[in-house]
Colleague: 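Pasting a structure below so you can have a look.
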2 protein chains.
Amino acid sequence: MPGSHPYDKAIDLDTIEDNVRRGRTHPEWANMVGPFGGITAAAMVRAIETHQHWVVELSQNGEVKTTATALFAIRRDTWADTEARPPSAPPPEEVAPGGLGAAIAWGARYDMRFVAGSVPETDPQPSPTSTTTLWVRDSAQRRVDYPALAALSDIFYPRVFLRRGGYVPAGTISLTTYFHADQEQLDALGGDYVLATAHANRFSRGYFDQSAQLWTREGALLATTQQIVYFKG
Amino acid sequence: MPGSHPYDKAIDLDTIEDNVRRGRTHPEWANMVGPFGGITAAAMVRAIETHQHWVVELSQNGEVKTTATALFAIRRDTWADTEARPPSAPPPEEVAPGGLGAAIAWGARYDMRFVAGSVPETDPQPSPTSTTTLWVRDSAQRRVDYPALAALSDIFYPRVFLRRGGYVPAGTISLTTYFHADQEQLDALGGDYVLATAHANRFSRGYFDQSAQLWTREGALLATTQQIVYFKG
C-alpha cells in the first residue's frame, strides 16, 4: 500500500506486465502546463528501481511522451574529494519561507527558502545573473530517496524568468542527473533541507541550458544536474 | 565517397537497412582501451543526421555497446545572452603545441595547446584543481560540424589524472552535450581553434563528474557538456 504522502502517491506504480508499470498524474503535482517535470523524472527512476531497466519509455494513450536512459554501477572505496564548493548561505532556519506562487500546485509540496534569485514577483526587474540558490525540503519532511533526488534536480523555476524579470513560456526538454550520494548519505540527510543552486550559461534562439547542484548542510554534494530548456520571447 | 581525412573516414557509414547504418573502428582513433569515446559519439551523431533517429543503439557482434538519445528542435529568434565567460587564455599562436603522448593514437588527430592543466608527465605532482583549458583544432583543420563538435566534447583526458598526478584506469560512462552553436556559428568557425575547458565537481567511490565548455576565439559558447567517469585507485 502506498504511503499517503503526495510524493509516495506520485511514485506508486502498478505492475501491469514484467516490463510495464502503470502510474498516474496527480493534481497536487500540477505545473502551469501538465505535471512538474521533476515528479515525472521521479516516477521513471522509481520504475527503474522496481525492475532495473536501462531504457525507459513513458507513454500516455499509446504515445511515447518521455524517454529515459539509466546507468547503474557499483560504488567502491577509492580516493575521494569534493572539489566544488557550496554557495554561501545562512542556515535555512534564518531564511524566510518562500515559494513559486499559488498558480503552481507542486510548489506547495516543498518548503522553499530562497537565499538568492527568488521568483520575480512585484515590480520585477531583469536580473544580470540567472543564479538561484534555495534551501528546499519536502513539506512533510518525507525522507529523500533516489526518485526524490531526481525530483529535486528539477526544483528550479526557469532561469529565463530571472533574466527577463517575469514570466515567459518555458519548459524543460531534457534533463541529466548524476547521483553522487550513496545510500548512507541519503540516510544521514533524511528529510532535512538541501541547498540547491542553479545557473544558465547561454540563452540563444529559443533555448538555454541550466547547470545545478544539490548540497547537504554538511557540504556533501548529493547530485549535479543539467537541463536544456525552451523559451519564447 | 568519404573524404580521405581520418575524421571523415571515422564517420563514414554505410546504409544497411532503412534503420541500420554500419561503421567501423579506425586505428588512427585508438585510445588506451578501444576507440576514443568522442569519435564514437561523432559516429552516432552522424548516424542520426542521416536518418533523424531519436534513440540509437550501437552494436558490435550483435551486442549493444552504446546507446544514445538525441533531441532536435527549431531555433527561433529570441532574446539572447551568453552569461558564462570564457576562461582567460593567450591566443593559440602564442601557446606551445602539446598533446596526450604517443600512447594515445587519437591524440595526433588534434592540434592541442594547453593553457592550463596539461597531461601530467615528468615528475608529476597531484594538482589541487582538476581544471584543464586548451586550444584545440583538427590537425588537418577539417571544419567543425555537429559530429565533430560531439567529438570535441570528449577531448579532455580524465580529470583524475590531474588530481592524482598520474595515470589511473578511467573511462567515460555517459556523456551529454548541448549544442548551443547554430550552423552559422559553425560556418564562421570553420577549422579554427576552439577553447575547451573542463573541471570536475566531485570524485567519490570510483566515479567523478566532468563539466566542460567549448568556446570560439570570439567568445561564442558553442557547446556545454557533462560526463560521468569511472576510475580506480
Side-chain angles (χ1 to χ4, degrees), chain A residues 54-55 57 64 67-71 73-85 126 128-131 159-160 163-164 168 173-182 185 199-211 213 220-228 230-233, chain B residues 54-55 57 64 67-71 73-85 126 128-131 159-160 163-164 168 173-182 185 199-211 213 220-228 230-233:
Chain A
W54 284 41
V55 176
E57 288 180 354
V64 176
T67 65
T69 306
L71 288 165
I74 302 295
R75 296 187 196 270
R76 290 166 288 100
D77 284 333
T78 58
W79 171 80
D81 185 62
T82 298
E83 189 170 317
R85 292 290 168 261
T129 159
S130 65
T131 299
R159 306 294 81 215
V160 68
R163 290 300 311 275
R164 299 296 275 160
V168 298
I173 299 173
S174 178
L175 169 74
T176 300
T177 298
Y178 302 141
F179 296 138
H180 297 284
D182 57 23
Q185 281 181 319
H199 70 274
N201 292 299
R202 184 175 175 188
F203 302 80
S204 175
R205 304 196 64 184
Y207 307 94
F208 68 88
D209 66 310
Q210 178 187 282
S211 182
Q213 300 175 340
L221 181 56
L222 298 171
T224 47
T225 180
Q226 321 295 325
Q227 59 178 266
I228 188 94
Y230 82 83
F231 72 97
K232 291 183 181 172
Chain B
W54 284 41
V55 175
E57 289 180 353
V64 175
T67 65
T69 305
L71 287 165
I74 302 295
R75 297 187 196 270
R76 290 167 288 99
D77 284 333
T78 58
W79 170 80
D81 186 62
T82 298
E83 189 170 317
R85 292 288 168 263
T129 159
S130 66
T131 299
R159 307 295 81 215
V160 69
R163 290 299 310 275
R164 300 296 273 158
V168 298
I173 299 172
S174 178
L175 169 74
T176 300
T177 297
Y178 302 141
F179 296 137
H180 297 284
D182 56 22
Q185 280 181 320
H199 70 274
N201 291 298
R202 184 175 175 188
F203 302 80
S204 175
R205 304 195 64 185
Y207 307 94
F208 68 88
D209 66 310
Q210 178 188 282
S211 181
Q213 301 174 339
L221 181 56
L222 298 172
T224 48
T225 181
Q226 321 295 326
Q227 59 178 265
I228 189 93
Y230 83 83
F231 72 97
K232 290 184 180 172

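Below, chains carry the letters A, B, ... as their sequence lines are ordered, and counting in each starts from 1.
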Colleague: Between B:Val168 and chain A, with a heavy-atom cut-off of 4.5 Å, which part of the residue counts as in contact: side chain, backbone, both or neither?
Modeller: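 No part of it gets close to chain A.
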Colleague: Kindly write out the residues that satisfy ring-ring contact (aromatic ring centres under 6.0 Å, His included) with A:Tyr207, not counting sequence neighbours, or none if the list is empty.
Modeller: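 ring-ring contact (aromatic ring centres under 6.0 Å, His included) check on A:Tyr207 returns nothing, list empty.
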Colleague: Could you tell me if the side chain of B:Thr82 sits less than 4.5 Å from the side chain of A:Arg202, heavy atoms only?
Modeller: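 Yes - at least one pair of side-chain heavy atoms lies under 4.5 Å apart.
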Colleague: Checking A:Arg85 against chain B: side chain, backbone, both or neither under 4.5 Å from a heavy atom?
Modeller: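 Contact with chain B: none, neither part.
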Colleague: I'd like to verify something: which residue of A:Trp54, A:Trp79, A:Phe208 has the highest number of heavy-atom pairs under 4.5 Å with chain B?
Modeller: A:Trp79
Colleague: Give a yes or no on whether a salt bridge exists between A:Arg163 and B:Glu83, defined as a side-chain N under 4.0 angstrom from a carboxylate O.
Modeller: yes
Colleague: Only counting residues at least two apart or in another chain, list the ones meeting ring-ring contact (aromatic ring centres under 6.0 Å, His included) with B:Phe179.
Modeller: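 ring-ring contact (aromatic ring centres under 6.0 Å, His included) list for B:Phe179, sorted by chain: B:Tyr146.
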Colleague: Among B:Asp209, B:Asn201, B:Ile173, which residue satisfies the side-chain contact (heavy atoms from CB on, under 4.5 Å) criterion with A:Tyr178?
Modeller: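 Option passing the side-chain contact (heavy atoms from CB on, under 4.5 Å) with A:Tyr178: B:Asp209.
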Colleague: Among A:Ala68, A:Ser211, A:Ala73, A:Ser204, who wins on heavy-atom pairs under 4.5 Å with chain B?
Modeller: A:Ala73
Colleague: Identify which part of A:Ser174 has an atom lying under 4.5 Å from any heavy atom of chain B, answering side chain, backbone, both or neither.
Modeller: both
Colleague: Using non-hydrogen atoms only, which part of A:Ala181 is less than 4.5 Å away from chain B: side chain, backbone, both, or neither?
Modeller: backbone
Colleague: Measure distances from A:Leu71 to the heavy atoms of chain B and classify the residue's part below 4.5 Å as side chain, backbone, both or neither.
Modeller: side chain
Colleague: Could you check whether any side-chain heavy atom of B:Phe203 comes within less than 4.5 Å of a side-chain heavy atom of A:Thr78, counting everything from C-beta outward?
Modeller: no
Colleague: Sort A:Glu57 into side chain, backbone, both or neither according to what part of it lies under 4.5 angstrom from a heavy atom of chain B.
Modeller: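 Looking at A:Glu57, nothing touches chain B.
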Colleague: So what's closer than 4.5 Å to chain B heavy atoms on A:Thr69: side chain, backbone, both or neither?
Modeller: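 Side chain only.
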